[in-house]
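Just the heavy atoms: all of them, side chains too, but no hydrogens, waters or symmetry mates, feed the values below. One-based numbering, in listed order, for ligands and for the atoms of each.
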Amino acid sequence: MSHPASAPDEIESLYKSAMTQFQRAADAMGLDPAVRTILAQPKNEVVVNFPVRMEDGRYELFRGYRIQHNNILGPYKGGIRYAPQVDQDEVKALAAWMTFKTALAGLPFGGAKGGITCNPSKLSDEEQMRLTRRFTHALGSNIGPEHDIPAPDVGTNARHMVWMMDTYANSVPVGERNRARAVVTGKSLACGGSEGREKATGQGLCYLVEAWAERKGIALSKLRLAVQGFGNVGYHAALIASEMGARVVAVHDHTGAVMNSAGLDIPSLRRHVDQSRKLVGFSGGETISPESFWDVDAEILVPAAIENQLTSDRARRVRARVVFEGANGPTTPQADRILQDRGIEVIPDILANSGGVIVSFFEWLQNKNCESWDLETVDRKLRRQVLKAFESTIDAASTHKTDLRTGAYVVGLRRLERAYKERGIFP
Ligand code: NAD
């Protein structure tokens with residue numbers, strides 16, 4: 001299987017792609033025109049430029065963003081991304097998706113996203129710490145436990161969240177420091193994190209895989225998955241799916257791709273990647289070209305890396321019956337139409353990866369109430385919440401005779417519309 005590199009689709013703007021999805025759902029449901037106007041733009045766009053002292057003593061200037069899309073249902077909520085391609089347009093799209101995701105999940109949160117344009121793999125631990133603390137300081141009172149609550153995303157993890165929390169806590173009066181722990185979620189357990197938060201996005205996705213398979217009458221042992229991305233979302237989705245009895249036959253990350261039609265041993269693959277920093281060379285599978293990953297024979301495709309990976313060309317070749325969007329915006333608008341024409345179902349990002357923000361909500365609640373729930377409680381509550389959103393999505397899609405993505409938006413938009421109608425627009 002060899003392919004020339006796939007020609008990229010015309011992607012004018014990620015925000016435009018997000019708005020096309022939103023407008024389609026708004027049309028399908030007849031969304032109130034005033035609410036449509038409000039949701040078409042974020043409420044606040046914070047851009048900060050700040051210097052960081054590097055290991056060699058130089059000062060480098062970094063640019064960071066915090067886009068607050070909407071907070072009618074509760075405090076702004078969304079991750080922080082560290083990656084070279086981060087720009088205002090990308091963060092705007094990701095912030096809008098958070099508004100629709102939290103509304104669909106029925107959480108008392110709004111939507112936001114943040115990021116810094118940087119290459120974390122080129123930064124030492126010390127530099128990453130200074131970068132994170134300087135960014136938090138620059139954001140100042142734009143974040144807060146009742147105002148805007150960041151979480152990890154691509155290129156960040158619990159360490160970064162603990163640095164953010166500590167920096168923020170040191171900027172508030174001593175009497176408020178304990179309360180300040182709830183300013184971020186996705187923290188380590190030692191610093192106020194929740195059981196089950198690290199795996200939550202992959203876990204939520206796997207609960208949906210289980211429910212989808214049950215509806216189709218397919219045994220989990222008959223399911224094969226191809227997973228793109230072997231970071232937080234991709235790794236946990238692959239691990240949990242294989243523990244449930246499914247076979248993960250291919251994995252693809254930014255270093256390459258491997259496959260094994262008998263199923264990859266995910267814990268061994270993790271050890272291999274931790275040691276060698278790359279997927280290729282894994283003794284438990286064969287190395288394939290990254291482009292061939294999209295041709296792999298598997299019932300389920302899980303794009304769990306970054307946006308715009310599933311292009312038209314790849315959508316024409318995909319052999320899966322269903323795509324579970326672990327990543328945000330992994331499918332281009334053109335590819336989305338091709339998948340639909342080919343009868344390939346798409347479980348949309350705002351549903352498929354909502355497990356992370358659902359457990360972030362649980363972490364926030366635990367922090368506020370000084371509680372600590374066990375893993376069984378977290379997983380049980382997550383399962384219930386994500387399956388409820390799945391059922392509502394299926395119902396809305398069937399009522400409006402539309403695809404699941406539009407159905408998921410309709411559920412979220414109805415909640416937002418109701419809140420605006422009852423509260424009115426001040427003054
Ligand atoms: P991560 O940084 O932990 O992992 C990203 C993975 O993507 C890595 O394995 C990397 O190698 C791979 N990747 C990056 N560029 C690639 C490319 N061009 N081709 C192939 N692979 C590539 O990030 P994450 O937290 O797992 O996030 C992945 C996606 O899931 C993002 O879209 C993110 O917004 C979304 N998401 C994350 C969470 C969360 O809780 N972390 C929650 C909801 C959604």
Asks: List every atom of ligand 1 that sits less than 4.0 Å from any heavy atom of Asn353, numbering the atoms from 1 in the order shown and giving each element.
Replies: 43 (C), 44 (C)
Asks: Of all the atoms in ligand 1, which lie at a distance below 4.0 Å from a heavy atom belonging to Gln309?
Replies: 19 (N)
Asks: Within the structure, does Gly231 bring an N/O atom to less than 3.5 angstrom of an N/O atom in ligand 1?
Replies: yes
Asks: Verify the ring-centre separation between Tyr76 and His147: is it less than 6.0 angstrom?
Replies: yes
Asks: Atom CD1 in Ile38, atom CG in Leu31: separation rounded to 0.5 Å?
Replies: 9.5 Å
Asks: Hey, which atoms in ligand 1 end up nearer than 4.0 Å to a heavy atom of Arg197?
Replies: 40 (O)
Asks: Can you list the ligand 1 atoms lying under 4.0 Å from a non-hydrogen atom of Gly155?
Replies: 2 (O)
Asks: Does His254, backbone or side chain, put an N or O under 3.5 Å from an N or O of ligand 1?
Replies: yes
Asks: Should Leu94 be counted as touching ligand 1, given the test is an N or O pair under 3.5 Å?
Replies: no
Asks: Are the ring centres of Phe62 and Phe135 closer than 6.0 Å?
Replies: no
Asks: For Asn328 and ligand 1, does the shortest N/O to N/O distance drop below 3.5 Å?
Replies: yes
Asks: Show the atoms of ligand 1 that are less than 4.0 angstrom away from any heavy atom in Ile306.
Replies: 15 (N), 18 (N)
Asks: What about the rings of Tyr82 and His160, do their centers lie closer together than 6.0 Å?
Replies: yes
Asks: Before we go on, tell me: are the rings of Phe361 and Phe109 under 6.0 Å apart, centre to centre?
Replies: yes
Asks: Of the choices Ser354, Gly256, Ala305, which has the non-hydrogen atom that lies closest to atom 7 (O) of ligand 1?
Replies: Ala305
Asks: Charged N to carboxylate O under 4.0 angstrom, Asp341 versus Arg337?
Replies: no
Asks: Below 4.0 angstrom, N of the basic side chain to O of the carboxylate: do Arg215 and Glu391 qualify?
Replies: yes
Asks: Can you list the ligand 1 atoms lying under 4.0 Å from a non-hydrogen atom of Asp153?
Replies: 25 (O), 33 (C), 34 (O), 36 (N), 37 (C)
Asks: Does the distance from a Lys or Arg side-chain N to an Asp or Glu carboxylate O, for Glu299 and Arg321, drop under 4.0 Å?
Replies: no
Asks: Any atoms of ligand 1 less than 4.0 Å from a non-hydrogen atom of Gly326? List them with their elements.
Replies: 30 (O), 35 (C), 44 (C)
Asks: For ligand 1, is there an N or O atom under 3.5 Å from any N or O atom of Lys113?
Replies: no
Asks: Could Lys92 and Trp97 be counted as a cation-pi pair, given that NZ or CZ must be under 6.0 Å from the ring centre and within 45° of the axis?
Replies: no
Asks: Identify, by atom number and element, the atoms of ligand 1 in contact range of Ala327, meaning under 4.0 Å from any of its heavy atoms.
Replies: 29 (C), 30 (O), 32 (O), 35 (C)
Asks: Do Gly229 and ligand 1 have an N or O pair less than 3.5 Å apart?
Replies: no
Asks: Does Asp395 form a side chain to side chain donor-acceptor pair (under 3.5 Å) with Ser398? I'd like the steps, not just the answer.
Replies: CA-CA 5 Å; Asp395 287 351; Ser398 120; 5.7 Å; no
